[in-house]
Amino acid sequence: MEATDRPAPVTREDLENLVDDMEKRVESEREEEGVEGSVSDREEQMPIVTGDEAPD
């Protein structure tokens, strides 16, 4: 095997792009299927105020 036969090393940016693409694909599939708890559902929810706050 020659040195030129090796695939190029995977960079951090390559991995970040791969993960971003996968997340977008899953998000769009969930939206299409109307799965509860999707990103748009969470964005529309009002924050829940429990009144229980950690001490300073």
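Residues take their numbers from the sequence shown, with the count starting at 1.
At a threshold of 4.0 Å, the pair E16-R12 counts as salt-bridged, since one of the basic side-chain nitrogens sits closer than that to a carboxylate oxygen.
With a 6.0 Å radius and a threshold of 12 heavy atoms from other residues, nucleotides or ligands, E13 has its CD atom at or below the threshold.
Counting only distance, with no hydrogens or angles, the side chain of D14 and the backbone of T11 share a donor-acceptor pair below 3.5 Å.
Tested against V26, the residues K24, E23, M22, R30 include a single side chain to side chain contact (heavy atoms under 4.5 Å, CB included) partner, R30.
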